[in-house]
Amino acid sequence: MTEEKSLNFLEEIVENDLKAGRYTSITTRFPPEPNGYLHLGHAKSICLNFGLALKYGGKTNLRFDDTNPVTEETEYVDNIKNDVAWLGFSWANELYASDYFPQLYEFALKLIRKGLAYVDDSTSEEIAASKGTPTSPGKDSPYRNRSVEENLTLFEQMKAGKFKDGERVLRAKVDMAHTNMHMRDPILYRIKHAHHHRTGDTWCIYPMYDFAHGQSDSIEQVTHSICTLEFVPHRELYNWFIEKLEIFPSRQYEFARLNMTHTLMSKRKLLQLVNEGHVSGWDDPRMPTLSGVRRRGYTPESIRDFCDRVGVAKRDNLIDISLLEFCVREHLNKVSLRRMVVFDPLKIVLINYPEGKSEMLRSENTPGEEGVTYREMPFSRELYIEKDDFMENPPKKYFRLAPGQMVRLKSAYIIKCEEVVKGSDGTILEVRCSYIPESKSGSDTSGIQVKGTLHWVSANHAVPAEVRIYDRLFTVEDLGTLEGDFRDHLNPQSLVIKRVYAEPELGKAAPDERFQFLRMGYYCLDPDSKPDKLIFNQTVTLRDMWAKEAKKG
RNA sequence: UGCCCGAUGGUGUAAUUGGCAACACGCUUGAUUUUGAUUCAAGAAAGUCCAGGUUCGAGCCCUGGUCGGGCAACCA
């Protein structure tokens with residue numbers, strides 16, 4: 001049982017650092033920008049950052065990378081905090097890059113004094129043009145050799161609001177011919193006369209990512225700064241600032257971001273889906289956002305398990321969404337309450353069951369568990385079963401209801417199909433069956449063995465409900481390598497709404513309860529639900545071997 | 001044309017650091033089952049991108065290729 005799981009490359013780095021005595025404890029951070037909602041890709045990062053600190057006895061800060069006032073909002077901050085907490089992690093400190101604006105300003109001054117930064121009056125276009133290309137060197141800015149004093153004065157004036165947006169920037173003086181584009185005199189500060197969600201109008205100059213992130217890590221004494229692969233080229237700059245500023249040497253390590261089949265993991269594109277109304281919002285249950293999967297009924301446990309199984313490495317990956325589904329099923333199978341709901345009703349009339357009679361039958365809430373509990377459901381002469389559970393001319397391996405055949409009604413009786421009643425157009429109106437009184441569940445003395453067991457609901461006792469059934473958001477597997485517009489591949493069937501018949505017990509459903517609708521799938525109450533209008537979301541279907549068998553023909 | 005990453009069953013990760021390529025999902029088959037679910041058992045599936053080299057021995061080391069990804073926002 002004590003089988004050792006091998007370490008991933010990040011754990012290996014941490015263990016080596018600890019072993020070498022480089023640190024006595026580690027600090028990580030999760031650094032979201034508050035300009036959108038968190039998605040499954042962030043969940044991977046959260047699990048990695050918090051998981052590392054948990055495993056090696058360190059701490060993790062939640063730090064908002066809020067250096068761009070025009071895209072960032074408090075609403076996002078609140079939702080991000082909620083999502084991280086929901087996932088099950090608690091941060092050591094709630095911090096903001098904007099808390100460090102005064103310190104970052106001092107850092108900039110230090111670079112200027114060292115002759116390592118200068119104010120550039122060039123336009124954005126001029127700077128882009130002189131940057132060169134990956135294969136050809138850039139050209140020095142004409143303002144590159146200003147004196148320290150002039151730079152100090154100009155930068156002071158930038159801060160004081162003497163200039164308009166875009167008029168000047170502060171740049172690091174590195175090397176315009178560097179093979180790494182990020183080292184070609186990167187911009188440190190830009191002018192934005194914009195209201196910041198936390199600092200208000202205190203500042204009109206804001207640091208760029210490169211001049212804020214690493215320094216924030218350093219200020220917080222983050223030992224292992226973990227980020228995704230696209231930041232690999234930034235690492236050289238990250239280290240350059242640490243060296244020139246002579247500050248705590250945080251180290252950056254990169255891993256491959258999570259990609260999943262049939263969905264997107266890009267904040268920008270997800271925002272587009274929201275803004276264009278392709279989904280109902282960030283928390284639409286079809287969205288890969290944490291708020292979306294939460295509303296869909298996914299549990300934090302299942303998502304953490306998923307992140308664990310997905311692993312971490314540096315090669316590009318495309319995770320099959322069926323792994324995520326496996327993880328929820330595995331958890332929900334243990335914790336969900338069993339209920340019966342008929343989606344597509346076919347009326348069954350029990351010809352030998354007294355009219356007007358009804359009885360309460362008990363059925364287990366959670367089978368397989370030791371402290372098994374039960375709920376009761378009404379049984380009567382007229383029932384609904386699933387249309388799919390009856391066939392007039394069944395194929396060979398069909399063991400549901402058919403003329404002359406017997407099936408068990410779950411937690412109730414065995415019934416036998418006696419007669420099919422059709423309308424003038426040939427459609428089946430109802431199926432008349434006999435029931436076997438001695439076959440009552442729990443006290444069956446009939447000795448009859450049947451192959452099939454069906455879920456059912458008493459026609460006169462069932463409560464109507466709405467069920468929202470979800471399918472993959474996109475019809476194509478790999479959205480990443482797709483040329484053209486990703487919206488062309490939206491799945492028109494990603495949401496199907498059905499009117500269904502639920503057993504009465506579901507009228508008491510609570511928002512935090514998870515249900516398994518027997519033989520149908522896992523469901524939970526949607527926030528839109530009201531006592532007089534029940535609405536359930538399908539989290540995921542059950543595994544369905546019969547569907548596979550039937551497809552074979 | 002430059003620089004930087006990466007390459008192991010269908011997918012994702014391993015391989016005690018040079019010693020018979022393993023685990024999970026998926027797939028197939030069987031058993032159990034009052035959910036065609038769950039559970040259990042068995043099985044198919046890669047010889048590690050290619051070519052050389054070092055070595056008794058290479059998925060791991062070296063050389064050269066090939067392929068995939070990233071890098072030129074006053075975004076993060």
Side-chain angles (χ1 to χ4, degrees), chain A residues 3-8 31-33 35 65-68 70-72 120 123-124 127-129 131-138 165-171 178-184 187-192 205-206 208-210 212-213 227 229-236 254 256 261 267-268 309-320 322-327 329-330 333-334 338 340 363-364 367-368 397-400 407-412 414 439 441-442 444 449-455 480-481 516-521 541-550:
Chain A
E3 62 186 87
E4 301 215 347
K5 219 183 146 198
S6 52
L7 303 176
N8 65 47
E33 185 193 7
N35 70 344
D65 238 332
D66 56 349
T67 56
N68 187 358
V70 306
T71 56
E72 295 154 5
D120 195 333
T123 65
S124 161
I127 289 177
K131 197 119 194 180
T133 71
T135 53
S136 62
D165 285 11
E167 247 177 49
R168 283 180 168 80
V169 291
L170 182 72
R171 292 229 258 170
H178 205 287
T179 53
N180 181 348
M181 295 295 289
H182 294 275
M183 299 298 277
R184 322 243 262 227
I187 292 173
L188 270 30
Y189 269 91
R190 74 288 214 190
I191 299 169
K192 276 181 194 286
I205 55 171
Y206 292 93
M208 297 287 289
Y209 165 84
D210 284 305
H213 197 100
C227 61
L229 249 26
E230 64 263 34
F231 292 98
V232 169
H234 294 251
R235 190 176 59 231
E236 197 169 6
E254 312 85 8
T261 58
K267 259 200 273 186
R268 207 196 90 244
R309 287 170 186 269
V310 145
V312 57
K314 299 185 74 155
R315 71 182 87 122
D316 292 335
N317 60 75
L318 182 61
I319 309 290
D320 198 313
S322 66
L323 180 63
L324 214 213
E325 296 177 339
F326 165 82
C327 293
R329 286 194 187 106
E330 189 175 58
N333 177 49
K334 292 180 197 141
R338 309 296 129 124
M340 293 197 221
S363 189
E364 61 276 5
K397 281 193 268 182
Y398 188 83
F399 42 85
R400 275 116 98 143
V407 291
R408 169 167 296 278
L409 296 179
K410 170 75 181 170
S411 298
I414 291 173
S439 68
S441 208
D444 186 354
Q449 296 297 322
V450 293
K451 289 278 275 185
T453 300
L454 311 182
H455 64 278
T481 60
Q516 184 196 105
F517 293 174
L518 247 59
R519 306 206 302 139
M520 301 306 288
T541 59
L542 256 32
R543 263 182 86 221
D544 190 352
M545 298 306 275
W546 171 244
K548 246 175 242 172
E549 190 64 38

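All values below come from the heavy atoms of this structure, side chains included, with hydrogens, waters and symmetry mates left out. Reminder, nothing fancy here: chain letters follow the sequence lines and each chain counts from 1.
In this view, A/S136 and A/T133 satisfy the side chain to side chain donor-acceptor pair (under 3.5 Å) rule, not counting sequence neighbours. Scanning for salt bridge (Lys or Arg N to Asp or Glu O under 4.0 Å) contacts around A/R235 gives A/E254, with sequence neighbours left out.
As rounded to the nearest Å, B/G10 and B/G57 have C1' atoms that lie 31 Å from one another. Atom C1' of B/U39 sits at a distance of 39 Å from the matching atom of B/U17, rounded to the whole Å. B/U33 and B/G43 have their C1' atoms separated by 22 Å, given to the nearest Å. For B/G47 and B/G9, the P atoms lie 8 Å apart once the distance is rounded to whole Å. When the P atom is compared between B/U55 and B/A44, the two are found 38 Å apart, to the nearest whole Å. Nucleotides B/G64 and B/C3 are separated by 13 Å at their P atoms, to the nearest Å.
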TODO: Using a 4.0 Å cut-off on protein heavy atoms (strictly under), produce a 5'-to-3' string for nucleotides 68-76 of chain B with B for base contact, S for backbone-only sugar-phosphate contact, and - for none.
DONE: -S-SB-BSB

Task: Where protein sits on nucleotides 17-24 of chain B, one letter per nucleotide: B base, S sugar-phosphate only, - none, heavy atoms under 4.0 Å - done: B------S

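A/L518 has its CG atom 12 Å from the P atom of B/A37, to the nearest Å. What separates CZ of A/R329 from P of B/G36 is a distance of 15 Å, to the nearest Å. Separating the CG atom of A/D444 from the P atom of B/U33 is a distance of 14 Å, rounded to the nearest angstrom. Atoms CZ (A/R315) and P (B/C60) sit 14 Å apart, rounded to a whole Å. Going from atom CG of A/L7 over to atom P of B/A15 covers 8 Å, rounded to whole Å. Look at CZ on A/F399: it is 12 Å from C1' on B/A37, rounded to the nearest Å. A/E364 has its CD atom 9 Å from the C1' atom of B/U35, to the nearest Å. As rounded to whole Å, 17 Å separates atom P of B/G12 from atom CG of A/N8.
Regarding the sugar-base torsion, B/U39 falls in the anti class, its angle being beyond 90° of 0. Taking the O4'-C1'-N9-C4 or O4'-C1'-N1-C2 dihedral as appropriate, B/G30 has a value more than 90° from 0 and is therefore anti.
No salt bridge links A/R543 with A/E325; every basic N to acidic carboxylate O contact stays at or beyond 4.0 Å. A/E549 has a carboxylate O that lies under 4.0 Å from a charged side-chain N of A/K397, or vice versa, which qualifies the two as a salt bridge.
Relative ring orientation between A/H234 and A/H182 is described as tilted, the plane-to-plane angle lying within the 30° to 60° band.
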Identify each atom pair where a protein N or O and an N or O of nucleotides 27-30 of chain B are less than 3.5 Å apart, giving names and distance.
from: B/C27; atom 1: OP1; to: A/K548; atom 2: NZ; distance (Å): 2.2

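Of the candidates A/I187, A/I191, A/L188, A/I205, A/I187 is the only one forming a side-chain contact (heavy atoms from CB on, under 4.5 Å) with A/V169.
Each of A/V232 and A/R408 was assigned the nucleotide of RNA chain B with the nearest heavy atom; the assignment lying further toward the 5' end belongs to A/V232. A residue-by-residue look at A/Y398 and A/I319 shows that A/I319 has its nearest nucleotide of RNA chain B further toward the 5' end.
Side-chain atoms of A/R400 come within donor-acceptor range of the base of B/G36, with a qualifying N/O pair under 3.5 Å. Under 3.5 Å, the side chain of A/R519 and the base of B/U35 form no donor-acceptor pair of N or O atoms. With hydrogens and angles left out, the side chain of A/T453 and the base of B/U35 share no donor-acceptor pair within 3.5 Å.
Donor-acceptor pairing under 3.5 Å is lacking for the side chains of A/E72 and A/N35. For the residue pair A/H178 / A/R184, no side-chain donor-acceptor distance below 3.5 Å is found, with atom types taken as modelled.
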Open item on the list: As a check on the pairing definition, encode RNA chain B in dot-bracket form, counting Watson-Crick and G-U wobble pairs whose two distances are under 3.5 Å, and using | for partners outside this strand.
Closed with: .((((((..((((.....[..)))).(((((.......))))).....(((((..]....))))))))))).....

